Amino acid sequence: MSEPRSRQDVFAKPKVELHVHLDGAIRVQTILDVARRRGIRLPADTAEELRRLIVLRKPATLTEFLGKFAEYMHVIAGDRDAIKRIAYEFVEDKAKEGVIYAEVRYSPHLLANCDVDPIPWHQTEGNLSPDEVVRLVNEGLREGERAFRIKVRSILCCMRHMPSWSAEVVELCKKYRHEGVVAIDLAGDEALNCEAYPGHLRAYQEAVRCEIHRTVHAGEVGAACVVREAVEVLKAERVGHGYRTLEDRGLYAQLLAQNMHFEVCPISSKLTGACDADFSKHPVVTFRKDKANYSLNTDDPLIFDSSLQLDYSVAYEHMGFTQEEFMRLNICSAESCFLPEVEKSQLLGILYKAYGMIQSTAF
C-alpha cells in the first residue's frame, strides 16, 4: 500500500461506520498533551516517536495488538477532561472522513479509576467511576455533533476476561439509552466462552429483556462456534468481524438467510493476524460476491495508523470493490445500525439522495 495511492478517497460520498473503538481512535498529539498536563512521563517526546511505539506496521498477533493499549491508556484513563476531549475529537475526525453516522464503542471500566475492580492500567484509585465515564463520553460526542453536524452514538463493551463488569455494563446501557448509548458489545479473548463465564450471558439476557441492541466480537480469530454462540446464545443482532463464519458453511448460509450484519475491518484484520495478509483472499471478498450484509470499518485507527479512506482504498485496489458496492454496503450499514426506526429512515433518506438513488432500489 503506497502512501499517496492508498490514502486517496476512492468513495467521496457520505459513509456510515459501525465498528470503531474510542480508545483505539485517539489522536497521538492528544496523548502527548494530556501526559504533559498530568505530569505523566512517556518513553517518547514527540508525536512521531510515540507513533512508532503505538502503531503496528506489519502483521502481528492479536495479543501483540492488545498490548499496544498499555502504551497510552494510563494517560487518558481516569481523567475527565481527557475523556471528554477524545470523544469530541473522534466526532471531528469522522466528519473529516465523510462519515455522517457512526457508532463508537468502548469499555467504561477501562477508562475509570474507581468503582472498578481491578483498577485498570496500574492507576492509583481516584474518583472517576464507569458511570461518570459514560456521561463524559456522551457530553463530548454531543458537543462534537453540534460542532461538526454529523450523528454519533455509542456502544458499551463488556470484556470477556472480566465477567464481573458485565452486569453494570448492561445497567449503564439502560440508564443512558436515551442519551446516546444504543447497544451492548462483548470484546476480548474469544476463547473465553459464555459457558465458562456466565456473567456475560446474564447481561445479554437482560439486554434482550430490555430491548437493548446487541453486537458481539466473534469469529475474528476464534472459531465459527464463537459466532454461533454469539447469534444463538447471546442473541447478537450484528457480528463484530465474523471472518471465521466461512469455516462453517451451514452457519454462513443460515446467517446469509437471516441477513445478519458483519462488521468488517480489513486493515485491522491483516495487522492483527486475523486474516491472510493477502487482501485478495480476505473473507469480505466472499461477503461481497454473496451480497452479504456488511460494513467497512477502521476498528482501531490509532494503532493501525489508518483511516476509513484507507480501508476503502484497500477494498477498491485489492478486492474488486466498485462504487456500486460501496453504496450498497453503506445502505446495508444504515439499515443495520442501532438508531430508532425514525432516525434510521432519515439516515437512509440522506444516503439515497446523496447517491442519486431511488429509495426502493434493490441491489
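Sequential numbering from 1 along the given sequence is applied to the chain's residues. A quick note: this is a predicted structure, and the numbers were derived from the prediction, not measured.
Gln123 places a side-chain N or O within 3.5 Å of a backbone atom of Ala112 that can act as its donor or acceptor partner. For Arg38 (side chain) and Val75 (main-chain N/O), a donor-acceptor pair under 3.5 Å exists by modelled atom type. No side-chain donor-acceptor contact under 3.5 Å links Ser345 to the backbone of Val342. Between the side chain of Trp121 and the main chain of Ala77, no donor-acceptor pair closer than 3.5 Å is present. The main-chain N or O of Cys194 is found under 3.5 Å from a side-chain atom of Glu229 such that the two form a donor-acceptor pair. Formation of a donor-acceptor pair under 3.5 Å by the Trp165 side chain with backbone atoms of Asp117 is found in this model. Counting only distance, with no hydrogens or angles, the side chain of Ser336 and the backbone of Cys332 share a donor-acceptor pair below 3.5 Å. At least one donor-acceptor pair under 3.5 Å links the side chain of Asn297 to the backbone N or O of Val264. Of the possible polar contacts, none joining the Ser269 side chain to the Ala274 backbone as a donor-acceptor pair under 3.5 Å is found. With hydrogens and angles disregarded, no donor-acceptor distance shorter than 3.5 Å links the side chain of Lys94 to the backbone of Lys151.
Side-chain contact check for Val16 versus Leu329: every heavy-atom pair is 4.5 Å or farther apart. Under the 4.5 Å side-chain criterion, counting only non-hydrogen atoms from C-beta, Phe279 is not in contact with Val285. Within the 4.5 Å cutoff, the side chain of Arg27 has no heavy atoms near those of the Ile31 side chain. Looking at heavy atoms from C-beta onward, Lys13 lies out of side-chain contact with Phe326 at the 4.5 angstrom threshold. Tyr106 is listed as a side-chain neighbour of Ser154, based on a closest heavy-atom distance under 4.5 Å. Ile83 places a side-chain heavy atom less than 4.5 Å from the side chain of Leu128. Using a 4.5 Å cut-off on side-chain heavy atoms (C-beta onward), Leu186 and Leu234 make contact.
The pair Glu179-Arg153 does not meet the salt-bridge criterion, since no charged nitrogen lies less than 4.0 angstrom from a carboxylate oxygen. The pair Asp185-Arg214 does not count as a salt bridge, with every side-chain nitrogen at least 4.0 angstrom from each carboxylate oxygen. Ion pairing between a basic and an acidic side chain is recognised when a charged N comes within 4.0 Å of a carboxylate O; Asp189 and Arg160 show no such pairing. Salt bridge status for Glu171 with Lys175: absent, with no side-chain N to carboxylate O gap under 4.0 Å. In summary, Glu190 and Arg244 do not engage in a salt bridge, as defined by a charged side-chain N under 4.0 Å from a carboxylate O. We find that Arg135 and Glu139 are joined by a salt bridge, their nearest charged nitrogen and carboxylate oxygen being less than 4.0 Å apart. Contact check on Asp79 versus Arg85 returns no salt bridge, with no Lys/Arg side-chain nitrogen under 4.0 Å from an Asp/Glu carboxylate oxygen. Ion pair Glu89/Lys84 not flagged as a salt bridge, since none of the NZ, NE, NH1 or NH2 atoms sits closer than 4.0 Å to an Asp/Glu carboxylate oxygen. A salt bridge links Lys174 with Glu206; the closest basic N to acidic carboxylate O contact falls under 4.0 Å. In this structure, Glu145 pairs ionically with Arg142, as a charged nitrogen and a carboxylate oxygen lie closer than 4.0 Å.
The residue from Pro301, Ser268, Cys265 that alone fulfils the side-chain contact (heavy atoms from CB on, under 4.5 Å) condition with Ser306 is Pro301.
Each of Val55 and Val314 belongs to its own hydrophobic cluster when Ile, Leu, Val, Met, Phe, Trp and Tyr are linked at side-chain heavy-atom distances under 4.5 angstrom. When the side chains of ILVMFWY residues are joined at heavy-atom separations under 4.5 Å, either directly or via intervening members, Val10 and Leu296 end up in a single hydrophobic cluster. Taking hydrophobic clusters as Ile, Leu, Val, Met, Phe, Trp and Tyr residues chained together by side-chain heavy-atom distances below 4.5 Å, Ile184 does not share a cluster with Val182. Hydrophobic clustering (ILVMFWY, side-chain heavy atoms < 4.5 Å, transitive): Val239 and Phe338 are in distinct clusters. Under the 4.5 Å side-chain heavy-atom criterion for Ile, Leu, Val, Met, Phe, Trp and Tyr, Ile40 and Phe69 are members of the same hydrophobic cluster.
Aromatic pair Phe90/Phe148: ring centres not closer than 6.0 Å. When ring centroids are compared, His241 and His217 come within the 6.0 Å threshold.
Classified by interplanar angle (parallel below 30°, tilted 30° to 60°, perpendicular above 60°), the ring pair Phe304/Phe65 is parallel. The aromatic rings of Phe262 and Phe287 lie parallel to each other, their planes meeting at an angle below 30°, with 60° marking the opposite boundary. Aromatic ring orientation, His21 versus His19: perpendicular (interplanar angle above 60°, classes split at 30° and 60°).
In summary, the side chains of Asp131 and Ser129 do not present any donor paired with an acceptor at a separation below 3.5 Å, with no hydrogens or angles considered. Judged purely by distance below 3.5 Å, without hydrogens or angles, the side chains of Arg328 and Asn293 never pair a donor atom with an acceptor atom. Thr215 and Glu263 share a side-chain donor-acceptor pair at under 3.5 Å.
Taking NZ of Lys235 as the reference point, atom OH of Tyr204 lies at 13.5 Å (rounded to 0.5 Å). Note: Ile350 CD1 to Tyr355 OH = 11.0 Å, rounded to the nearest 0.5 Å. The CG atom of Leu308 sits 9.5 Å away from atom OG of Ser313, with the distance rounded to the nearest 0.5 Å. Going from atom CD1 of Ile303 over to atom OG1 of Thr272 covers 10.5 Å, rounded to the nearest 0.5 Å. Here Thr286 contributes atom OG1 and Met319 contributes atom CE; the two are 10.5 Å apart, rounded to the nearest 0.5 Å. The distance from atom CG of Leu302 to atom CG of Leu50, rounded to the nearest 0.5 Å, is 8.0 Å.
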List the steps, then state whether side-chain hydrogen bond (donor to acceptor under 3.5 Å, both in side chains) holds for Asp23 with Tyr72. CA-CA 9 Å; Asp23 49 3; Tyr72 64 88; 5.8 Å; no
Might you work through the side-chain hydrogen bond (donor to acceptor under 3.5 Å, both in side chains) test for Glu335 and His261, ending with a clear yes or no? CA-CA 10 Å; Glu335 289 174 338; His261 184 88; over 6 Å; no
Under the side chain to side chain contact (heavy atoms under 4.5 Å, CB included) criterion, do Val227 and Leu255 qualify, and how do the steps go? CA-CA 10 Å; Val227 179; Leu255 297 186; 3.8 Å; yes
Check the pair Lys344, Cys337 against side chain to side chain contact (heavy atoms under 4.5 Å, CB included), reporting the backbone distance first and the verdict last. CA-CA 7 Å; Lys344 183 184 295 189; Cys337 80; 4.1 Å; yes
side-chain hydrogen bond (donor to acceptor under 3.5 Å, both in side chains) evaluation trace for His318 with Ser280: CA-CA 5 Å; His318 302 285; Ser280 68; over 6 Å; no
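In this structure, Lys15 forms a cation-pi arrangement with Tyr312, its terminal cationic atom sitting closer than 6.0 Å to the ring centre and no more than 45° off the ring axis. Geometrically, Arg288 does not engage Tyr294 in a cation-pi contact, judged by NZ or CZ lying under 6.0 Å from the ring centre and within 45° of the ring axis.
Closest of all the heavy-atom pairs between Gln309 and Asp9 is CG-CG, 3.7 Å.
Applying the 6.0 Å contact sphere to CD of Glu195 captures no more than 12 heavy atoms from other residues, nucleotides or ligands. The environment of CZ in Arg57 is crowded: more than 12 heavy-atom neighbours from other residues, nucleotides or ligands sit within 6.0 Å.
Gln29 meets the side chain to side chain donor-acceptor pair (under 3.5 Å) test with Asp33; sequence neighbours excluded.
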